[in-house]
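Here's the structure, in structure tokens; my notes come after.
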Amino acid sequence: MDDKQQQMIDFERHWYPLGGGSTDEIGAQFGLTDRDFFAQVGRLVDDQPPSALTAAELRRMRGVIRRRLWMAR
């Protein structure tokens, strides 16, 4: 995982309890649309789940990612 990918994971770890980061924050920090950001974070979480998260936290994070992807359609 490169630095930008780690920053994306850290960002979402901070924001997922609140439904994910705002569109403005995502754009400002990563230069991505919601759809692109959550698609990339979803792949990262599936490929390399953050070890600092419990199984329950990981399920909630994945739920937020799915919901935000659905909203960004």
Side-chain angles (χ1 to χ4, degrees):
M1 187 177 302
D2 66 27
D3 286 342
K4 182 177 180 178
Q5 291 170 328
Q6 186 61 53
Q7 289 172 357
M8 292 169 74
I9 291 290
D10 292 343
F11 178 89
E12 190 54 22
R13 280 185 56 211
H14 173 78
W15 284 105
Y16 87 88
L18 303 170
S22 73
T23 299
D24 292 339
E25 285 284 323
I26 291 168
Q29 287 195 30
F30 302 104
L32 298 170
T33 65
D34 283 5
R35 178 129 186 92
D36 291 339
F37 175 82
F38 285 102
Q40 287 185 39
V41 170
R43 282 191 297 276
L44 291 170
V45 167
D46 287 344
D47 292 344
Q48 300 173 17
S51 60
L53 294 177
T54 66
E57 291 170 324
L58 192 54
R59 274 193 306 276
R60 286 194 298 271
M61 180 186 275
R62 284 181 171 136
V64 168
I65 291 167
R66 280 192 306 273
R67 191 169 30 261
R68 291 294 295 267
L69 282 170
W70 180 82
M71 290 170 51
R73 295 186 302 165

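These values consider heavy atoms only, across backbone and side chains, with no hydrogens, waters or symmetry-generated copies.
- Residue Arg13 comes nearest to Ala52 through the heavy atom pair NH2-CB, 3.4 Å, listed as atom of the first residue, atom of the second, then distance.
- Distance CD/Gln5 to CZ/Arg43: 9.5 Å, rounded to 0.5 Å.
- Minimum heavy-atom separation, Val64 to Gly20: CG1-N, 3.7 Å.
- Shown here for Leu58 and Pro50, the closest heavy-atom pair between the two residues is CD1-CD, 4.1 Å.
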Would Arg35 and Phe38 count as a side chain to side chain contact (heavy atoms under 4.5 Å, CB included) if you check the C-alpha gap in whole Å, the side-chain angles of each, and the deciding distance to 0.1 Å? CA-CA 5 Å; Arg35 178 129 186 92; Phe38 285 102; over 6 Å; no
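- Looking at residues two or more places apart in sequence or on another chain, you find a side chain to side chain donor-acceptor pair (under 3.5 Å) between Asp46 and Arg62.
- Between the CD atom of Gln29 and the CZ atom of Phe11 there is a distance of 5.0 Å, given to the nearest 0.5 Å.
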Could you walk me through whether Ile9 and Met1 satisfy the side chain to side chain contact (heavy atoms under 4.5 Å, CB included) test, starting with their C-alpha distance in whole Å, then the side-chain angles of each, then the deciding distance to 0.1 Å, before giving a yes or no? CA-CA 10 Å; Ile9 291 290; Met1 187 177 302; 4.2 Å; yes
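- Looking at Asp10 and Gln6, their side chains do bring a donor and an acceptor atom within 3.5 Å of each other.
- Lys4 and Asp2 get closest at one heavy-atom pair: N-OD1, 3.1 Å.
- Interatomic distance, CG of Leu53 versus CE of Met61, reported as 5.0 Å (0.5 Å rounding).
- The distance from the CZ atom of Phe37 to the CD atom of Glu25 is 10.5 Å, given to the nearest 0.5 Å.
- Hydrophobic cluster membership is shared by Leu18 and Val41, with clusters built from Ile, Leu, Val, Met, Phe, Trp and Tyr side chains linked at under 4.5 angstrom.
- Arg68 places a side-chain N or O within 3.5 Å of a backbone atom of Gly21 that can act as its donor or acceptor partner.
- Of the inter-residue distances, the one linking Tyr16 atom OH with Arg67 atom CZ reads 12.0 Å to the nearest 0.5 angstrom.
- Of all the heavy atoms in Leu32 and Ile26, the pair that sits closest is O-CG2, 3.6 Å.
- Put simply, CD on Gln40 and CD1 on Ile65 are 11.5 Å apart, with the number rounded to the nearest 0.5 Å.
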